[in-house]
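In what follows, a structure is listed as structure tokens, so that the remarks can point back to it.
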Amino acid sequence: QVQVVESGGGLVQAGGSLRLSCVISGRTLSLYAMGWFRQAPGKERDIVAAISRSGSSTSYSDSVKGRFTISKDDAKNTVYLRMNNLKPEDTAVYYCAADQRLSETRVSTTTGEYDYWGQGTQVTVSS
């Protein structure tokens, strides 16, 4: 059974930074393409960043491009989301998800294509 567990959320002032972590257990991380999504109250869950199984391909939403960085450490079965220059509009619950069907270099930005989800971690950015 695959489990996905996020951590690292919290309260930060605008302009600050946070690093989210996502640990996969049950199977090796290299079998999965990974994505970070976020959902603000009353809004849909949207892609933030995605990374391929090999780590060679990444994708970012326009709203975070240049501020957020997704990375992975297969030895630790962990995916990271480094968030810099945070803005109040980044406030949301952040979810990590795993997709087991993609080839090594492909990424997915579609919520419905992901197979396993974590419970989410709250990020709140104060102005």
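Source: prediction; values computed, not measured. Keep in mind that the numbers below use all heavy atoms, side chains included, and drop hydrogens, waters and symmetry copies.
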Is it the case that atom CZ in Arg106 sees more than 12 heavy atoms from other parts of the structure closer than 6.0 Å? no
Within a reach of under 6.0 Å around CD of Glu113, are more than 12 heavy atoms found that belong to other residues, nucleotides or ligands? yes
Cation-pi check, Arg45 onto Tyr95 ring (under 6.0 Å, within 45° of axis): yes
Between Ala92 and Ala40 the two heavy atoms that sit nearest each other are CB-N, 3.9 Å
Measure the shortest side-chain to side-chain distance between Val48 and Leu81 over non-hydrogen atoms and say whether it is less than 4.5 angstrom. yes
Do Phe68 and Trp36 have ring centroids that are under 6.0 Å from one another? no
Can you give me the closest heavy-atom contact between Tyr32 and Gln100, atom names plus distance? CE2-CB, 3.4 Å
How many angstroms lie between OG in Ser17 and CG in Asn84, if you round to the nearest 0.5 Å? 4.0 Å
With a 4.5 Å heavy-atom cut-off, do Gln13 and Ser126 have their side chains touching? yes
Distance only, no hydrogens: is a donor on one side chain within 3.5 Å (strictly under) of an acceptor on the other, for Ser61 and Ser63? yes
Gap between atom CG of Asp115 and atom CG of Asp99 - 0.5 Å precision: 5.0 Å
Is there a side chain to side chain contact (heavy atoms under 4.5 Å, CB included) between Thr78 and Lys72? Walk through the geometry before answering. CA-CA 6 Å; Thr78 302; Lys72 65 199 299 276; over 6 Å; no
Output, in order, the C-alpha distance, side-chain angles, deciding distance and verdict of side chain to side chain contact (heavy atoms under 4.5 Å, CB included) for Gln3 and Ile24. CA-CA 6 Å; Gln3 289 190 322; Ile24 300 291; over 6 Å; no
May I ask you to test the Tyr94-Gln122 pair for a side-chain heavy-atom distance under 4.5 Å? no
So, do Val107 and Leu102 sit near enough that their side-chain heavy atoms are less than 4.5 Å apart? no
Looking at Asp90 and Arg67, is any side-chain nitrogen of the basic one under 4.0 Å from a carboxylate oxygen of the acidic one? yes
For Tyr114 and Ser108, which heavy atoms make the closest approach, and how far apart are they? OH-O, 2.5 Å
The single option from Asp73, Thr69, Ile51 passing side chain to side chain contact (heavy atoms under 4.5 Å, CB included) against Tyr80: Asp73
Do Leu31 and Val23 land in one hydrophobic cluster if side-chain heavy atoms of ILVMFWY residues count as linked below 4.5 Å? no
Verdict with supporting geometry, Met34 and Cys22, side chain to side chain contact (heavy atoms under 4.5 Å, CB included): CA-CA 10 Å; Met34 301 297 296; Cys22 170; 4.0 Å; yes
Is the side chain of Asn77 donor-acceptor paired with the backbone N or O of Arg27 at a distance under 3.5 Å, no angle test? yes
Please state whether the rings of Trp117 and Phe37 are parallel, tilted or perpendicular, taking 30° and 60° as the class boundaries. tilted
If you define the side chain from C-beta out and look only at heavy atoms, does anything of Val123 sit under 4.5 Å from Leu18? yes
Do the non-hydrogen side-chain atoms of Thr124 and Val12 ever get within less than 4.5 Å of each other? no
Salt-bridge present (Arg38, Asp46; N to O < 4.0 Å): no
If you group Ile, Leu, Val, Met, Phe, Trp and Tyr by side-chain heavy-atom gaps below 4.5 Å, do Tyr116 and Val79 land in one group? yes
Shared hydrophobic cluster, Leu86 / Ile70 (ILVMFWY, side-chain heavy atoms < 4.5 Å): yes
If you group Ile, Leu, Val, Met, Phe, Trp and Tyr by side-chain heavy-atom gaps below 4.5 Å, do Leu20 and Val125 land in one group? yes
Would you say the side-chain atoms of Ser54 and Glu104 include a donor-acceptor pair closer than 3.5 Å? no
Checking the side chain of Thr121 only, and the main-chain atoms of Gly9 only, is there a donor and an acceptor separated by less than 3.5 Å? yes
I'd like to know if the side chain of Glu6 and the backbone of Gln119 have a donor-acceptor N/O pair within less than 3.5 Å. yes
